[in-house]
Amino acid sequence: MPQTKILLDESDIPSHWYNVVADMPNKPAPPLGPDGKPVGPEALAAIFPMALIEQEVSGERWIPIPEAVREAYRIYRPSPLFRAHRLEAALGTPARIYYKYEGVSPAGSHKVNTSIAQAWYNAQAGVKRLATETGAGQWGSSLALAGQMFGIEVRVYMVKVSYDQKPFRRSMMQTWGAEVLASPTNLTESGRKILAQDPNSPGSLGIAISEAVEEAASRPDTNYALGSVLNHVCHHQTIIGLEAKKQFEKVGEYPDMVFACCGGGSNFAGAAFPFLADKAAGKQVRLVAAEPTSCPTLTRGHYAYDFGDAVGLTPMMLMYTLGHDFVPPGIHAGGLRYHGDSPLVSQLYKEGLIEAVAVPQLATFEAGVTFARAEGIIPAPESCHAIRACLDEALRCKQTGEPKVLFFNLSGHGHFDMASYDAYFAGKLEDYAYPEHEIEAALHRLPKVAA
Ligand SMILES: *Cc1c(COP(=O)(O)O)cnc(C)c1O
């Protein structure tokens with residue numbers, strides 16, 4: 001039987017991140033300030049270190065990974081690529097299914113790939129504190145870990161619904177020395193504004209971002225770190241796809257299709273962009289982002305300039321959006337409850353270079369359980385969206401007899417999400433209807449700028 005676990009040596013950890021901008025047919029549109037004019041790098045300097053701002057606007061194809069960051073990556077990288085023999089057999093599909101497992105990081109997801117880099121660049125710039133938001137808790141725990149590694153204090157605004165659903169994520173962040181607050185708080189102007197409108201607000205990523213950005217902008221010792229969406233975050237995550245390509249080469253395979261779940265877009269970017277480089281060079285490969293039907297940013301949103309946060313403190317970015325003040329239903333894949341999407345992912349989708357599908361909550365858990373029973377690993381609810389999309393394709397292959405090579409990114413494990421699995425087994429999970437009216441109302445409140 002062909003290999004199950006395809007491993008690389010530590011020395012195979014890539015020396016550079018890949019920047020997809022170099023291979024995009026059209027250059028990305030600039031972010032805009034409150035006056036509707038492009039914001040220059042200097043406007044971001046209050047909350048980001050210059051090295052990350054340079055990466056944010058860079059058009060260079062390759063960005064060197066600092067030696068200290070590669071050194072920290074060695075704790076868990078290279079991550080394994082698995083051939084899912086047992087899953088293939090369980091499905092009875094002729095497709096060959098591969099998955100890259102990012103749950104091997106200490107915090108349990110791909111987010112550590114960028115938290116390590118961001119904490120290191122901030123430490124180099126002499127920054128002492130980082131403020132950030134977290135949805136399901138994966139980003140907060142990833143940054144808490146990285147802050148601890150490089151001697152930076154971390155304060156995390158955690159979306160209230162997750163704070164209540166996932167108390168152990170909070171303990172994890174505290175173990176790594178971070179301070180965790182349930183957002184909206186009454187400590188920031190932004191939080192107070194939301195609470196005045198709705199004292200029982202479940203919070204959202206957009207609201208928590210407002211709080212963290214406000215704090216970072218108002219304290220000279222504090223910077224801000226974002227776990228997805230921005231270009232530099234997407235670049236850092238390409239370590240996933242770059243390693244995967246080496247692993248595929250080792251077994252003489254190449255994927256026909258690449259799947260990843262899509263919240264802010266960074267793990268999708270990380271898994272898919274290095275393959276997009278080949279697509280730009282003429283190779284046939286389909287890249288599919290999987291999002292929840294309850295928060296269908298790419299498949300049902302508008303391509304427009306919008307704020308990255310709920311209150312409107314960030315520059316406006318040209319992206320697919322459901323409206324910055326849209327609060328998605330409280331699905332268990334908290335990491336996918338974001339109103340917008342990476343501008344890079346959005347533009348590539350707009351230009352038809354990547355695809356997107358929306359999948360309902362129950363079907364994602366069904367796929368996650370099928371996967372866990374076949375392969376052993378219990379996937380994060382977010383990752384279950386990628387698994388669902390991949391399984392659907394594998395089942396189509398069963399119909400047609402096509403032996404396609406399917407690859408998905410298993411962005412994290414679900415060990416802190418067992419309450420969600422419990423709810424699924426107890427029949428308490430629901431498929432939220434597409435929240436058409438709320439989205440329509442939120443889209444009416446998009447900032448008025450000419451795209
Ligand atoms: C945060 C998270 C996601 C979604 O975020 P992206 O920015 O879209 O990558 C997906 N999977 C896991 C396990 C996560 O923690």
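In this text, all values refer to a predicted model and were calculated from it rather than measured experimentally. Numbering of ligands and ligand atoms starts at 1, following listing order.
The shortest distance between side-chain heavy atoms of Ile65 and Ile239 falls below 4.5 Å.
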Please assess Glu253 against Tyr98 for the test side-chain contact (heavy atoms from CB on, under 4.5 Å), listing each intermediate value before the final yes or no. CA-CA 10 Å; Glu253 293 262 46; Tyr98 291 85; 2.8 Å; yes
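Comment: Asp417 engages Lys166 in a salt bridge, judged by a side-chain N to carboxylate O separation of less than 4.0 angstrom. Between Asp392 and Arg396, no side-chain nitrogen of the basic residue sits less than 4.0 Å from a carboxylate oxygen of the acidic one, so the salt-bridge criterion is not met. Under the 4.0 Å criterion applied to side-chain N and carboxylate O atoms, Arg388 and Glu366 are assigned as salt-bridge partners. Comment: Arg83 engages Glu88 in a salt bridge, judged by a side-chain N to carboxylate O separation of less than 4.0 angstrom. Remark: Glu71 engages Arg74 in a salt bridge, criterion side-chain N to carboxylate O under 4.0 Å.
Considering both main-chain and side-chain atoms, Ser383 never comes within under 3.5 Å of ligand 1 through any nitrogen or oxygen pair. When only interatomic distances are considered, the shortest N/O to N/O separation between Gly264 and ligand 1 falls below 3.5 Å.
Against a heavy-atom cut-off of under 4.0 Å, Gly412 is close to the following atoms of ligand 1: 13 (C). Against a heavy-atom cut-off of under 4.0 Å, His110 is close to the following atoms of ligand 1: 2 (C), 3 (C), 9 (O), 10 (C), 11 (N), 12 (C), 14 (C). When each atom of ligand 1 is checked for a heavy atom of Asn267 under 4.0 Å away, the hits are 6 (P), 8 (O), 9 (O), 10 (C). If you number the atoms of ligand 1 from 1 as listed, the ones under 4.0 Å from a heavy atom of Cys261 come out as 10 (C), 11 (N). Numbered from 1 in the order shown, with element, the atoms of ligand 1 that lie under 4.0 Å from a heavy atom of Cys262 read 8 (O).
Here Ile13 contributes atom CD1 and Leu242 contributes atom CG; the two are 12.5 Å apart, rounded to the nearest 0.5 Å.
Counting heavy atoms closer than 4.0 Å to ligand 1, residue Leu336 contributes side-chain atoms (C-beta onward) but none from N, CA, C or O. Within the 4.0 Å heavy-atom criterion, neither part of Gln237 lies near ligand 1.
Looking at Tyr338, its side chain never comes within 3.5 Å of a backbone N or O of Gly206 through a donor-acceptor pair.
Of the listed residues (Glu291, Lys111, Glu382), the one carrying the non-hydrogen atom nearest atom 1 (C) of ligand 1 is Lys111.
Here the protein heavy atom with the shortest distance to atom 7 (O) of ligand 1 is Ser228 OG, 2.3 Å. Of the protein's non-hydrogen atoms, Gly263 N, 2.6 Å is the one closest to atom 8 (O) of ligand 1. Atom 12 (C) of ligand 1 has as its closest protein heavy atom Ser411 OG, 3.4 Å.
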